[in-house]
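For reference, the structure is listed below as structure tokens.
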Amino acid sequence: MQLTETKAEGLKREYSVVVEAAQLDEKINDKLEAVRADFQMKGFRKGKAPTPLLKKMFGKSLLGEAVQETVDGAVRDIFEENGDRPAQQPDVKIVNEEYEEGDDLKISVAYERLPEIPEADFSQVKLERLVAAVEDTDIDEAVGKLAENATNFVAAEDDAEAAEGDQVVIDFLGKVDDEPFEGGAAEDYPLVLGSNSFIPGFEEQLTGVKSGEERNVEVSFPEDYGHDALAGKAAVFECKVKEVRKPEAAPIDDEFAKRFGAESLDELKKQVSERLTEEYKGASRSLLKRQLLDQLDEIVSFDLPEGMVEEEAKQVAHQLWHDANPDVNDHNHPEIEVEDDHTALATRRVRLGLLLAEVGQKNSIEVTESEVNAALMRQASQYSGREREFYEWARSNEQVLAQIRSPIFEDKVVDFVLEMANVDDKTVSKDELQAALEAVEAEDSAEKSDD
């Protein structure tokens, strides 16, 4: 096999490979002998079929196998010889497409190699970690929000008018074209006005009703309503108001705490404090990681494979387009043009991704099966009643497993780098921590809007 480098520009490499016909013939003959050993042909003993007959029967398929194995071997030999790691799948072509038995096989191999990534002195990285302590006022505020969400509704005076935020207990019967429809009736239904749990326009028309009042509510089902027979149809709901109830904040005491699985109010506050502590730590880490990646993006420089950047830019453009057009859930949309901002973001992602991958590889950082399983279990818990089904599906899907491993690996590498970086803690309030997070989010949103 003749191997010749034909291009070496930056990270781009191209090779010409010529495999002599005799080498291919030898490979095909070896395959014929393997077939002959187990082949029984009429008129011949097992393993004694003539080569010309075998070649006539199996020659084309064995030639295809031999060519594919030769191509794969040529690519493998290239990387073993030069030590390159391809950034993406190599572009391999058979130059003489009209290849026939007896011809030399000519192959071209083109790829971009992964760059040499320079060693970075992470001890020169200087970061500031924002640390917020959980204050009693934070706990009281969080418990107060729990109380708001646990609002009780109590019967109002008979002549009280229902307002937004009140609950009305109603019997209703829905009709389309004066005919009741399936699922359009209920009795003693508790409806909170302003909850937007009914068809648009329904709840607003019950504002001002009193206990004992009857009122017809006229609405139209949305065009995209889940029931095709009702989509876009005008409907009338005959409603009878049986009771108007006013919201009453739940008293914050031990009985209130038991509604959230705590034995007492003190126990509930302890649980809330622990939850807030984890939230503050999570926010602090997110900001610290952002600082670190920003600095690494500035201090580490190396050539990037153009193909990786182009592919990532397409994905960035596609994702941002869907973010701006949330109603489009499929790929039935105009071609999305890649702009300079998309390429800039892709360049950052590729550079940081290659850097973190290199740091992880050199320092033997790996994602364990227990870490993958723990992440899978957390995701599976979101599918109530179908946890096992999701878990088994995910375990058998390599793409899903790769998506789960990737952020775990990145976080482990980030932790490794942070151990070597200079990190100073700065104590801040909850509001200051939140403001810092919002500033980062606003910066990200501005970048997306520019796109």
Side-chain angles (χ1 to χ4, degrees), residues 129-157 160 163-169 188-197 242-289 368-392 394 404 407-408 411 415 425-438:
R129 175 167 39 215
L130 304 185
V131 180
V134 176
E135 306 290 345
D136 289 343
T137 53
D138 301 336
I139 298 173
D140 291 340
E141 180 182 343
V143 172
K145 289 182 179 178
L146 290 177
E148 290 177 8
N149 295 329
T151 298
N152 294 318
F153 289 93
V154 297
E157 299 292 333
E164 184 172 336
D166 291 347
Q167 185 183 77
V168 292
V169 180
D188 297 323
Y189 189 93
L191 174 64
V192 177
L193 302 184
S195 64
N196 297 319
S197 55
K242 304 179 81 171
E243 190 173 40
V244 174
R245 297 173 178 173
K246 296 291 182 180
E248 181 179 79
I252 301 177
D253 53 20
D254 289 344
E255 287 302 313
F256 165 78
K258 291 177 181 178
R259 296 170 65 175
F260 295 92
E263 295 182 358
S264 65
L265 180 58
D266 287 341
E267 177 65 23
L268 176 62
K269 288 185 175 182
K270 179 181 177 183
Q271 294 176 4
V272 169
S273 176
E274 291 172 350
R275 176 176 61 80
L276 291 177
T277 298
E278 290 304 311
E279 288 182 3
Y280 294 178
K281 285 182 179 178
S284 176
R285 176 182 166 76
S286 294
L287 290 169
L288 185 63
K289 179 180 177 180
T368 66
E369 282 303 304
S370 61
E371 290 169 332
V372 172
N373 284 332
L376 268 178
M377 294 299 293
R378 286 194 295 272
Q379 289 194 20
S381 66
Q382 301 173 18
Y383 298 84
S384 180
R386 299 174 54 206
E387 294 90 345
R388 184 179 181 82
E389 178 184 347
F390 172 83
Y391 181 86
E392 292 179 348
I404 289 173
I408 299 174
D411 280 341
D415 287 339
D425 288 346
K426 178 182 179 181
T427 301
V428 296
S429 67
K430 175 199 71 173
D431 292 338
E432 290 172 321
L433 182 64
Q434 181 63 32
L437 271 177
E438 290 175 353

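For the single chain, residues carry numbers from 1 onward in sequence order. Just the heavy atoms: all of them, side chains too, but no hydrogens, waters or symmetry mates, feed the values below.
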Applying side chain to side chain contact (heavy atoms under 4.5 Å, CB included) to Ser286 and not counting sequence neighbours gives none
Begin with the C-alpha distance, continue with both residues' side-chain angles, and end with the deciding distance and a verdict on salt bridge (Lys or Arg N to Asp or Glu O under 4.0 Å) for Glu148 and Lys145.
CA-CA 5 Å; Glu148 290 177 8; Lys145 289 182 179 178; over 6 Å; no
Working to the nearest 0.5 angstrom, can you tell me the gap between [X] [atom1] and [Y] [atom2]?
X	Y	atom1	atom2	result
Lys281	Arg129	NZ	CZ	10.5 Å
Arg285	Glu278	CZ	CD	12.5 Å
Asp254	Asp266	CG	CG	7.5 Å
Ile139	Thr277	CD1	OG1	7.5 Å

Quick one: list whatever passes side-chain hydrogen bond (donor to acceptor under 3.5 Å, both in side chains) with [X], sequence neighbours left out.
X	value
Glu387	none
Asp253	none
Glu279	Arg275

Is Ser284 reaching over with its side chain to a backbone N or O of Leu130, donor-acceptor style, under 3.5 angstrom?
yes
So, for [X] and [Y], which heavy atoms are closest and what is the spacing to 0.1 Å?
X	Y	answer
Lys430	Glu141	NZ-OE1, 3.0 Å
Leu433	Ala283	CD2-CB, 3.9 Å
Ile252	Gly144	CD1-CA, 4.3 Å
Lys246	Ala163	NZ-N, 4.3 Å
Arg245	Glu243	NE-OE1, 2.8 Å
Asp188	Pro190	O-CD, 3.3 Å

side-chain contact (heavy atoms from CB on, under 4.5 Å) assessment of Lys426 paired with Glu432
CA-CA 11 Å; Lys426 178 182 179 181; Glu432 290 172 321; over 6 Å; no
For residues 130-140, which residue pairs qualify under side chain to side chain donor-acceptor pair (under 3.5 Å), counting only residues two or more places apart or in two chains?
Asp138-Tyr280
Between side-chain atoms of residues 369-382 and protein atoms elsewhere (two or more places apart, or another chain), which donor-acceptor pairs fall under 3.5 Å?
| from | atom 1 | to | atom 2 | distance (Å) |
| --- | --- | --- | --- | --- |
| Glu369 | OE1 | Arg395 | NH1 | 3.4 |
| Glu369 | OE1 | Arg395 | NH2 | 3.0 |
| Ser370 | OG | Thr368 | OG1 | 3.0 |
| Glu371 | OE1 | Thr368 | N | 2.9 |
| Glu371 | OE1 | Thr368 | OG1 | 3.3 |
| Glu371 | OE1 | Lys412 | NZ | 3.2 |
| Glu371 | OE2 | Lys412 | NZ | 3.2 |
| Asn373 | OD1 | Tyr391 | OH | 3.0 |
| Asn373 | OD1 | Arg395 | NH1 | 3.0 |
| Asn373 | ND2 | Glu369 | O | 3.3 |
| Ser381 | OG | Arg378 | O | 2.6 |

May I ask you to check whether over 12 heavy atoms, not counting those of Glu164, lie within 6.0 Å of atom CD?
no
Identify which one of Asp166, Val192, Val169, Val244 satisfies the side chain to side chain contact (heavy atoms under 4.5 Å, CB included) criterion when paired with Phe153.
Val192
